[in-house]
Number of protein chains: 2
Amino acid sequence: MSKKDAILQAATRLFSEKGFKETSIAELSKATGAAEGTIFYHFKNKEDIFLCILEDTRNRVVEEFERYLEEEKFDTGLEMIEGACSFYFFLAGTMGDQFLLLHRRHPHELAEVNPVCREHLEAIYNSFVNGFERAILLGQKDGSIRKMSSKKIALIIFSMVDGLVRFKTYNLYDAGALHKEFMELCHSMLQKK
Amino acid sequence: MSKKDAILQAATRLFSEKGFKETSIAELSKATGAAEGTIFYHFKNKEDIFLCILEDTRNRVVEEFERYLEEEKFDTGLEMIEGACSFYFFLAGTMGDQFLLLHRRHPHELAEVNPVCREHLEAIYNSFVNGFERAILLGQKDGSIRKMSSKKIALIIFSMVDGLVRFKTYNLYDAGALHKEFMELCHSMLQKK
DNA sequence: TAAATTAGACTGAGCATTCAACCGGTTTTT
DNA sequence: AAAAACCGGTTGAATGCTCAGTCTAATTTA
């Protein structure tokens, strides 16, 4: 792995675990074995590191989620949305650091003043919300999902799965064990009566 | 209002809007008109300010939520849980700053090393989760709510409402307009078939 | 040989916290 | 009644530390 990649990887971990402001360049240097100068050789400043991480995250998240929806076969829209939720949980597990980072306030605050950051964030969220909505529209067509604004359902479902993931990272309760029940409740909430 | 209260109030706003680390004492001093020395006369350090805020928040949140469940009359457990969700949204609106603060990572990180902080946080979360669970148990007794581990339903419902509130604070989408639909979905998800 | 990397000294800014002094009102002493 | 001591609250300058970012001169790598 190139030094630049090593820096990005260590920064992802540190920023997500400790926070952007709370991570110093000295610390990052120590964690990677790279000299401080090297870090500034590859990145123009600390914020630039963060934006690179966000770009990587965006590319990977969007690509993996789209591919999942593309390649997987679903009999109904309802099954598709259940699959999408499960895949979200799965991604949150395999890309733990990145999701942790997205759940921090920092990216959202930066997005308010930095259009590049904003663009990445929106791409990520839109990818999920649009994927959910596609599933819902499909389900409403094939009769497996109730009639209600697809956009609104998509947003609510997204806030739910995301809420559960977040809950787990704060681990006040054992939220990881809720997966099965969540899927069941989700099912009966969407299903046409 | 005493100077001390003014400091607490301004700190609540600043910590929630900008973050703990990102708010300097100089800034807090400017915002309140109090000299920096005055702040340290009333509080032993910056963290102490934070803990005072958390204590206030805990007292108010817990008291208001318990009182609501106590005084309000509900015909069924299902109605009670719907009321509890609505009240959560209501509280998140009237106590905007405090909820914003609770949604930051800082209190949860501090809780890992500071037992006082941990105690406050747990009291707040337990108050909500237990309130939800009481409603669910009632609903399961009166037949308005499906059979499933009450604890798990309570956690899922809590992560849902909390997810929606957080979603709103990040305002990537107009999550405030989802209230009606959320309640409807919530209803059909819990209801006995 | 050109690009990448190192160690580390340095700058300048920002920051939490400290501290000696001060103020206005109340009580105590003379 | 005048003077002195007292006290909670307040002030803002001073202190010492951390940190992002710069710079250099030397070394390694490809």
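Numbers restart at 1 for each chain; the letters A, B, ... are given by sequence-line order, proteins then strands. What you see is a predicted model; the values in this text were computed from it and never measured.
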From NZ of A/Lys44 over to C1' of D/dT22, roughly how many Å is that when rounded to an integer? 16 Å

Verify the distance criterion only: is there a donor paired with an acceptor across the side chains of A/Asp48 and A/His42 at less than 3.5 Å? no

Applying side chain to side chain contact (heavy atoms under 4.5 Å, CB included), can you list everything that pairs with B/Leu100, at least two apart in sequence or on another chain? A/Arg105, B/Ser16, B/Thr169

Within residues 13-27 of chain B, the residues having a heavy atom closer than 4.0 Å to DNA chain D are none

Contacts of A/His179 meeting ring pair (Phe, Tyr, Trp, His ring centres under 6.0 Å) (sequence neighbours excluded), chain-then-number -> A/Phe89

Under the side chain to side chain contact (heavy atoms under 4.5 Å, CB included) test, residues paired with A/Glu133 that sit two or more places apart: A/Asn130, A/Leu137, A/Ser150, A/Lys151, A/Ala154

B/Glu47 CD to C/dA16 C1', in whole Å, measures 13 Å

Please produce a list of atom pairs where a protein N or O lies less than 3.5 Å from an N or O of nucleotides 6-12 of chain D.
| residue | atom | partner | partner atom | Å |
| --- | --- | --- | --- | --- |
| D/dG9 | OP2 | B/Tyr41 | OH | 2.7 |
| D/dT10 | OP2 | B/His42 | NE2 | 2.9 |
| D/dT11 | OP2 | B/Ala35 | N | 2.9 |
| D/dT11 | OP2 | B/Thr38 | OG1 | 2.9 |

What's the CD1-P distance between B/Ile49 and C/dA16, to the nearest Å? 9 Å

B/Asn114 and its side-chain hydrogen bond (donor to acceptor under 3.5 Å, both in side chains) partner, picked from B/Glu47, B/Glu119, B/His120, B/Glu109: B/Glu47

Can you check whether A/Leu185's main-chain N or O pairs, donor with acceptor, with B/Arg146's side chain at less than 3.5 Å? no

Could you write out each protein N or O paired with an N or O of nucleotides 28-30 of chain D at a distance under 3.5 Å?
none

Measuring from atom CZ of B/Arg67 to atom CG of B/Leu69, what distance do you get when rounded to the nearest 0.5 angstrom? 11.5 Å

B/Phe40 has an atom CZ; how far is it from atom P of D/dA13, in whole Å? 16 Å

Is the Lys NZ or Arg CZ of A/Lys4 less than 6.0 Å from the centre of A/Tyr41's six-membered ring, within 45° of the axis? no

Is B/Lys21 positioned over the aromatic face of A/Phe20, cation under 6.0 angstrom from the ring centre and no more than 45 degrees off axis? no

Before we go on, tell me: are the rings of A/Phe15 and A/His106 under 6.0 Å apart, centre to centre? no

